[in-house]
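Below is one structure, written out as structure tokens; the observations come after it.
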Amino acid sequence: QVQLVESGGGLVQAGGCLRLSCAASGRTSSSYAMGWFRQAPGKEREFVAAISWNVGSTDYADSVKGRFTISRDNANSTVYLQMNSLKPEDTAVYYCAASPSLLVHLVKEYDYWGQGTQVTVSS
């Protein structure tokens, strides 16, 4: 089993910055891809960003490219999502996830999920 715990969510003003953290524990693998997804009320869960745990290669949704940065700290088994230039449409519950595959953006490819952390961006 892999356990994922998100933190760092909160309320910020439009244009502000926020950093989310995802601490991983349990039976993790260095070959996993780690991803961030988000889900706003009334909408489907959507891909935000992903990173290869071992290599560090990244992938981003077009909607956040240039504003968000995903990174990882292998020593601390933690994945981060640095969110800059936040917009009200970024408001959602953000979920950390782990996949045994390479970088992917489909929900079904991720086997393990955190409980989510709320991000609210005021206008």
If you look only at pairs with a residue in [range], which of them pass as a salt bridge (Lys or Arg N to Asp or Glu O under 4.0 Å), with sequence neighbours excluded?
{"range": "residues 38-49", "value": "Arg38-Glu46, Arg38-Asp90"}
{"range": "residues 108-123", "value": "none"}
{"range": "residues 72-84", "value": "none"}

**Request:** Quick one: list whatever passes side-chain hydrogen bond (donor to acceptor under 3.5 Å, both in side chains) with Asn84, sequence neighbours left out.
**Result:** Gln82
**Message:** According to side-chain hydrogen bond (donor to acceptor under 3.5 Å, both in side chains), who are the partners of Thr120, at least two apart in sequence or on a separate chain?
**Reply:** Gln118
**Prompt:** So which residues get pulled into Val55's cluster when ILVMFWY side chains under 4.5 Å apart are joined, directly or through others?
**Reply:** none
**Fill in**
Going by chain and number, the hydrophobic cluster around Tyr80 (ILVMFWY, side chain to side chain under 4.5 Å) further includes none
**Complete:** Note: Ser99 and Val104 closest approach over all heavy atoms is OG-CG2, 4.0 Å
**Smallest separation among heavy atoms of Val64 and Val48, with atom names** = CG2-O, 3.5 Å
**Prompt:** Could you give all pairs that pass the disulfide bond (SG atoms under 2.5 Å apart) test and reach residues 24-94, with sequence neighbours left out?
**Reply:** none
**Prompt:** In terms of hydrophobic clustering (I, L, V, M, F, W, Y; side-chain heavy atoms under 4.5 Å; direct or indirect links), are Tyr94 and Leu4 co-clustered?
**Reply:** yes
**Request:** Determine whether Leu81 and Val2 fall in the same hydrophobic cluster, where Ile, Leu, Val, Met, Phe, Trp and Tyr are linked whenever their side-chain heavy atoms lie under 4.5 Å apart.
**Result:** yes
**Message:** Using 0.5 Å steps for rounding, measure from the OG atom of Ser71 to the CE atom of Met34.
**Reply:** 12.0 Å
**Request:** Not counting sequence neighbours, list each pair that qualifies as a side chain to side chain donor-acceptor pair (under 3.5 Å) and has a residue in residues 47-62.
**Result:** Asp62-Lys65
**Fill in**
Quick note, ring pair (Phe, Tyr, Trp, His ring centres under 6.0 Å) partners involving residues 3-41, not counting sequence neighbours, are Phe37-Phe47, Phe37-Tyr110, Phe37-Trp113
Give every donor-acceptor pair under 3.5 Å between a side-chain atom in residues 5-21 and any protein atom, sequence neighbours left out.
| residue | atom | partner | partner atom | Å |
| --- | --- | --- | --- | --- |
| Glu6 | OE1 | Gln115 | N | 3.0 |
| Glu6 | OE1 | Gly116 | N | 2.9 |
| Glu6 | OE2 | Cys96 | N | 2.7 |
| Glu6 | OE2 | Gly116 | N | 3.2 |

